[in-house]
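Let me begin by presenting the structure, written as structure tokens, before commenting on it.
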Amino acid sequence: MSRASSRPFGAAAICLRNNQIMRKYSYLYIIAGAAMMTGILLYMTALKIPPRPEIDNAAINEITKQTALCWQIPRQLDQMTFAYRFVVIDREGKLVYASDENLPGTVPSAIRQGFLPMDVTVGTSVVGKALVETFPNDLIAQEQAKLSHAAAAAFILLCMLAAAILFVLYRMVMKPFERLKTFAHKISTGKFDEPLPMDRNNIFGLFTQSFDIMRASLLEAHQKKLLAQRAQKELIAALNHDIKTPVTSIRLTSELLQAVNTDPAVAEKLKLIEMKADQIDRLMNDMLRGALEELEELTVSVASEDSGVLRALFQTADNLSKIRLGDIPSCLVEIDVARMEQVIDNIITNSYKYAATEIDVDFAICKEVLRVDIHDYGKGVRPDEVELICVKFYRGENAKASQKEGEGLGLYIAKQIMEKMGGGLEAFNRDHGFGVRLWIRISR
């Protein structure tokens, strides 16, 4: 079965799995709802105030009667037993008697606590009030404690349910979207080869699979683009080889004709032909170097060479006889002579093109490397461009203003070659000019 034809079945399977997941989690919601209703019922049950016990009117009347009889000597009431606790307060609001401690001492406070007020009559006159506790405070305290415990239990239960629901929502919704966010960031940075993780409990299965299909399509398009770019570079390399062959023939024929010709006018024209052939050859070399670098075919074959070979390479690159070489320490260096010649030629060519001054080259051994300082006396580059001068295709403002030909590849290629030989390249401004420092690895 082809990949395209298998997708509908995969989508149907994911939809079926999603339905199963939703059914499983629906049970959780039903249980959570039932538990919530249980908590609410528990709370509402606790809110119910128990009915007051039936009042014993005879006992209350007995309290009133005995209080009236003992009004002159209230302490006599201590010798009697009553069904309820009570306090006696006279008409002026003074406490006359209390059957127990911790009872209210005023009429308003007693009434607020649920005491039943009864008039105390001696003869025909009301001398005070007997306030009877028909609903004890300890029973109220018990009901309040019961209510608070039920409320706390209901609150804890609701908090646990909320935490469980939030956890499920995080696992089912937030976490998959966090993965999608991370996945989108990777796609934006060009990481197409990492598939999107699939979770069996992910309710967005079909949605997630669509993103992964998009990733696969982008990866396929990116690979095709790379193949097309590589084919383009290979075509450039092939054309370069085909063009260099007739150019070489033109240059050799021009050199031969100059050797046998005696007419100065003709010799000048032949010299011009040779110079143009050399210019075409250099331009094709630049184009080939860029193509090979993109193809990662800029091979380097490092071997141990005597440091004296560097003198010959600088002399070969010194077309204008402006290089002043310092003493070269005698040692063995790890270089590819052909690539080292390319590096030196690029640096010297840039200096001649933009500075056109004398060039000093100094050498020094620093631990396990040979340091080569190449510096001219031109204007250099702007300070904010120093770090960019070795970036591919970058040309400084001074180079653009000079209207000199160039693609911004010379120092970039030179730095790549030096790093592949185990060394390095650094460009910097000096007090009077511009400098390039090479680090060449010394053989152990």
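A distance-only check finds no donor-acceptor pair linking the side chain of S254 to the backbone of I250 [under 3.5 Å].
Among residues at least two apart or in separate chains, salt bridge (charged side-chain N to carboxylate O under 4.0 Å, His left out) pairs with a member in residues 100-116 are R85-D100. The list of salt bridge (charged side-chain N to carboxylate O under 4.0 Å, His left out) pairs with a residue in residues 303-325, not counting sequence neighbours, reads R324-D360.
Between Y97 and F86, the two ring planes are tilted [angle within 30° to 60°].
Side-chain contact between I440 and L310 is present, with heavy atoms from C-beta onward closer than 4.5 Å. At least one side-chain heavy atom of R371 sits less than 4.5 Å from a side-chain heavy atom of R437. At least one side-chain heavy atom of I374 sits less than 4.5 Å from a side-chain heavy atom of I348. Side-chain contact between Y352 and I359 is present, with at least one heavy-atom pair separated by less than 4.5 Å. Looking at heavy atoms from C-beta onward, K420 lies out of side-chain contact with R339 at the 4.5 angstrom threshold. In this structure, the side chains of N429 and F434 come closer than 4.5 Å at one or more pairs of heavy atoms.
Here the shortest heavy-atom pairing between S307 and S330 reads OG-CA, 3.6 Å. Summarising the geometry of I328 relative to F363, their closest heavy-atom pair is CG1-CE1, 3.4 Å, with the distance given to 0.1 Å. S351 and D376 get closest at one heavy-atom pair: OG-OD2, 2.9 Å. The minimum heavy-atom distance linking L116 with T134 is given by the pair CB-CG2, 4.0 Å. Shortest non-hydrogen contact noted between Q113 and P104 is OE1-CD, 4.0 Å. The two residues I365 and P329 come nearest to each other via the heavy atoms CD1-CB, 3.6 Å.
Note: D345 CG to I413 CD1 = 11.0 Å, rounded to the nearest 0.5 Å. Rounding to the nearest 0.5 Å gives a distance of 10.0 Å between OG of S321 and CD of Q315. R430 CZ to Y377 OH: the interatomic distance, rounded to the nearest 0.5 Å, is 5.5 Å. For the atom pair CZ of R444 and OG of S304, the computed distance is 12.0 Å after rounding to the nearest 0.5 Å. Considering CD1 of I323 and CD1 of I344, their distance stands at 8.5 Å, rounded to 0.5 Å. The CD atom of Q342 lies 3.5 Å from the CD1 atom of I417; values are rounded to the nearest 0.5 Å.
The local environment of NZ in K129 is crowded, with over 12 non-hydrogen atoms from other residues, nucleotides or ligands closer than 6.0 Å.
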Show me the side-chain donor-acceptor pairs of residues 263-272 shorter than 3.5 Å, one per line, residues at least two apart or across chains.
unit_1, atom_1, unit_2, atom_2, d
D263, OD1, A265, N, 3.2

(request) Verify side chain to side chain contact (heavy atoms under 4.5 Å, CB included) between E255 and E274, making sure each step is shown before the conclusion. (result) CA-CA 7 Å; E255 292 175 355; E274 181 184 359; 3.4 Å; yes
- Verify side chain to side chain contact (heavy atoms under 4.5 Å, CB included) between H375 and D362, making sure each step is shown before the conclusion. CA-CA 9 Å; H375 48 85; D362 299 317; 3.3 Å; yes
Determine, stepwise, if the pair L425 / W439 fulfils side chain to side chain contact (heavy atoms under 4.5 Å, CB included).
CA-CA 6 Å; L425 181 148; W439 304 95; over 6 Å; no
Exercise for review: For the pair V372 and F314, evaluate side chain to side chain contact (heavy atoms under 4.5 Å, CB included) and give the outcome as yes or no after the intermediate values.
Suggested key: CA-CA 11 Å; V372 182; F314 277 103; 4.1 Å; yes
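When each of D373, I347, V361 is checked for a side-chain contact (heavy atoms from CB on, under 4.5 Å) with L438, only I347 meets the rule. L411 pairs with exactly one of N350, V343, N346 by the side-chain contact (heavy atoms from CB on, under 4.5 Å) rule, that one being N350.
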